[in-house]
Q: 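I am attaching a structure below and will ask some questions about it afterwards.
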Amino acid sequence: MNSTKNYDIKDITLAEAGRRRIEWASREMPVVKLIRERFAKEEPLSGIRISACLHITSETANLALALKEGGANVILCASNPLSTQDDVAAALVEYGMPTNAIKGEDEETYYKHINTALDQEPQLTVDDGADLVTTLHTKRSNLIGNVIGGTEETTTGVIRLRSLAKAGGLKYPIIAVNDAQTKYLFDNRYGTGQSTIDGITRATNILWAGKKVVICGYGWCGHGIAMRAKGLGAQVIITEVEPVRALEAVMDSFQVMPLIEAVKIGDVFITIAGNKNVIDKAHLQVMKDGAILANSGHFNVEINIPALESLSSNKQQVRPFVEGYNLKDGRRLYLLGEGRLINLAAAEGHPANVMDMSFANQALCLEHMVKNRGKLETKVYPVPEEIDKQVARLKLDSMDISIDTLTPGQEKYLNSWQEGT
Ligand SMILES: NC(=O)c1ccc[n+]([C@@H]2O[C@H](COP(=O)([O-])OP(=O)(O)OC[C@H]3O[C@@H](n4cnc5c(N)ncnc54)[C@H](O)[C@@H]3O)[C@@H](O)[C@H]2O)c1
């Protein structure tokens, strides 16, 4: 990267294609559009420096444009080495937002890009997985004094930041956008559900009907993937460590068993647990020949890839995003997208319509942080309930759907204890 440039992308000539893609996504993001129009009038983020570490996709571009209209100076970097849409990155640069992201970048470049985003000395951070905030709290802690607050997009990031806060290390307030109902009930469930199936289908072109699909983790994302795989005719098996979620999976009509049993019969394995070595060496050692392995959890640690390498004599690229590992005992296992989140690696991530709600929460939470500058404690906050409700109301409005309201009598009843049978 040229030292005078604060962006690093694959190819600026892709900008026109990226712009068209961003405009296409905007048609499906009416709530962000409304916020963008209001921000343009009110400029609630006037002069605020925002460093955003997000998947560089057309939906993220629409959020970034809304923040820019709100008066912010936005610099972006990728939250995953494989999730960048290079044409969108180019368009963002042309829109005047320095972007540091190249699809397929190595780990060194990934962190170099995070550091470039931090070089603008952010007052607000937007993170997806907490790599930017972690870098800010460790190697770049001299910059923390400028920061008003930050937001975190995903489950894994929220878990990391809550651990940091618990250890007494968090240095500024964060809003856990992931935990808004208008985020996880839709983005994690319907977004990850559809796009994970999309990513695996694009990478492999498998027929889902009749396949035994093992889903490791029955959280909100796992619910969505299981629902969609079932809809395509797959026989879904769930593995879990939490008894309540396992029970829910049983009553949702899925088979539940330990992974060590499931590996003997599964055709496709999808990790979505937000945990490490969910598929471990012991599982790989007995996994059915020809099985396909994909991950949709945030980090590429859910499948023990070093163990897979150690069990293999060699590997071949079979198709884009599909590597065939030839095991020393003669079996073959297929790993998709290097174990990185497959919906973004091999497809386009969540549809814009669902990111509309996640990113509406992001924009409104950033505005909230600026409005309440200096008044917030150093902790991980939930999304304010009024923001969550507002996003739901605006989304319903955009769909032309109205709902009932409580009568005064009902409101009184719900707030009292006197009336029984
Ligand atoms: N691919 C995407 O676009 C995308 C979108 C949203 C979230 N995510 C990521 O997906 C992951 C899951 O998110 P979520 O919101 O569903 O989380 P969640 O906390 O609701 O669910 C995770 C589930 O996995 C279970 N689990 C943990 N360890 C396990 C193990 N060893 N075996 C089986 N189950 C195990 C937990 O008990 C829990 O029920 C996170 O890393 C999150 O950041 C990815």
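Counting starts at 1 for both ligands and their atoms, in listed order.
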Q: Looking at atom 28 (N) of ligand 1, what's its closest protein heavy atom, distance included?
A: N275 ND2, 3.1 Å

Q: Would you mind checking which non-hydrogen protein atom is closest to atom 30 (C) of ligand 1, with the distance to 0.1 Å?
A: V241 CG1, 3.6 Å

Q: Around atom 18 (P) of ligand 1, find the nearest protein heavy atom and jot down its residue, atom name and distance.
A: R245 NH1, 3.6 Å

Q: Quick one about H350 and D187 (side-chain donor to acceptor, distance below 3.5 Å, no hydrogens or angles considered), yes or no?
A: yes

Q: Y95 ring centre to K68 NZ or CZ under 6.0 Å, with the angle to the axis within 45°?
A: no

Q: Please tell me whether Y218 and E242 have a donor and an acceptor in their side chains that are separated by less than 3.5 angstrom.
A: no

Q: Would you say W220 contacts ligand 1, with heavy atoms under 4.0 Å as the rule?
A: yes

Q: Tell me the protein heavy atom at minimum distance from atom 22 (C) of ligand 1, and give that distance in Å.
A: A273 O, 3.7 Å

Q: I need the R340 CZ to S296 OG distance, nearest 0.5 Å.
A: 13.5 Å

Q: Relative to atom 39 (O) of ligand 1, which among M355, E240, E242 owns the nearest non-hydrogen atom?
A: E240

Q: Of D128, T155, V278, which has the heavy atom at the shortest distance from atom 13 (O) of ligand 1?
A: T155

Q: So among T155, T154, N361, N188, which one has a side-chain hydrogen bond (donor to acceptor under 3.5 Å, both in side chains) with K183?
A: N188

Q: Show the atoms of ligand 1 that are less than 4.0 angstrom away from any heavy atom in C221.
A: 6 (C), 7 (C), 8 (N), 10 (O), 13 (O), 14 (P), 15 (O), 16 (O)

Q: Can you tell me if H55 has a non-hydrogen atom under 4.0 Å from ligand 1?
A: no

Q: For Q317, is the CD atom crowded, meaning more than 12 foreign heavy atoms sit under 6.0 Å from it?
A: yes

Q: Of the choices I225, T239, N188, which has the non-hydrogen atom that lies closest to atom 33 (C) of ligand 1?
A: T239

Q: When you measure from the heavy atoms of G349 to every atom of ligand 1, does any distance fall below 4.0 Å?
A: no

Q: Side chains of T196 and N343 only: does a donor on one sit below 3.5 Å from an acceptor on the other?
A: no

Q: Please indicate whether R373 has more than 12 foreign heavy atoms, meaning atoms of other residues, nucleotides or ligands, lying under 6.0 Å from its CZ.
A: no

Q: Please step through side chain to side chain contact (heavy atoms under 4.5 Å, CB included) for the pair L366 and V370, ending with a clear verdict.
A: CA-CA 6 Å; L366 291 166; V370 173; 5.9 Å; no

Q: Are H368 and Y381 close enough that their ring centres sit under 6.0 Å apart?
A: no

Q: Taking 4.0 angstrom as the limit and counting only heavy atoms of H350, give me the atoms of ligand 1 inside it, by number and element.
A: 2 (C), 3 (O), 5 (C)

Q: Tell me which part of T156 gets within contact of ligand 1: side chain, backbone, both or neither, using heavy atoms under 4.0 Å.
A: both

Q: What residue and heavy atom of the protein are closest to atom 3 (O) of ligand 1, and at what distance?
A: N343 ND2, 2.8 Å

Q: Write out the residue and atom name of the closest protein heavy atom to atom 9 (C) of ligand 1, then the distance separating them to 0.1 Å.
A: H298 N, 3.7 Å

Q: Counting non-hydrogen protein atoms only, what is the nearest one to atom 12 (C) of ligand 1? Give residue, atom name and distance.
A: I272 O, 3.6 Å

Q: Before accepting this row, confirm whether a basic side-chain N of the pair D267/K288 lies closer than 4.0 Å to the acidic partner's carboxylate O.
A: yes

Q: Cationic tip of R20 within the cone over W24's six-membered ring, i.e. under 6.0 Å and within 45° of the normal?
A: no

Q: Return the residue, atom name and 0.1 Å-rounded distance of the protein heavy atom closest to atom 5 (C) of ligand 1.
A: T192 OG1, 3.2 Å

Q: Is the closest N or O pair between T154 and ligand 1 shorter than 3.5 Å?
A: yes

Q: Tell me whether G222 has any N or O atom under 3.5 angstrom from an N or O of ligand 1.
A: no

Q: Backbone or side chain, does any N or O of S296 fall under 3.5 Å from an N or O of ligand 1?
A: yes

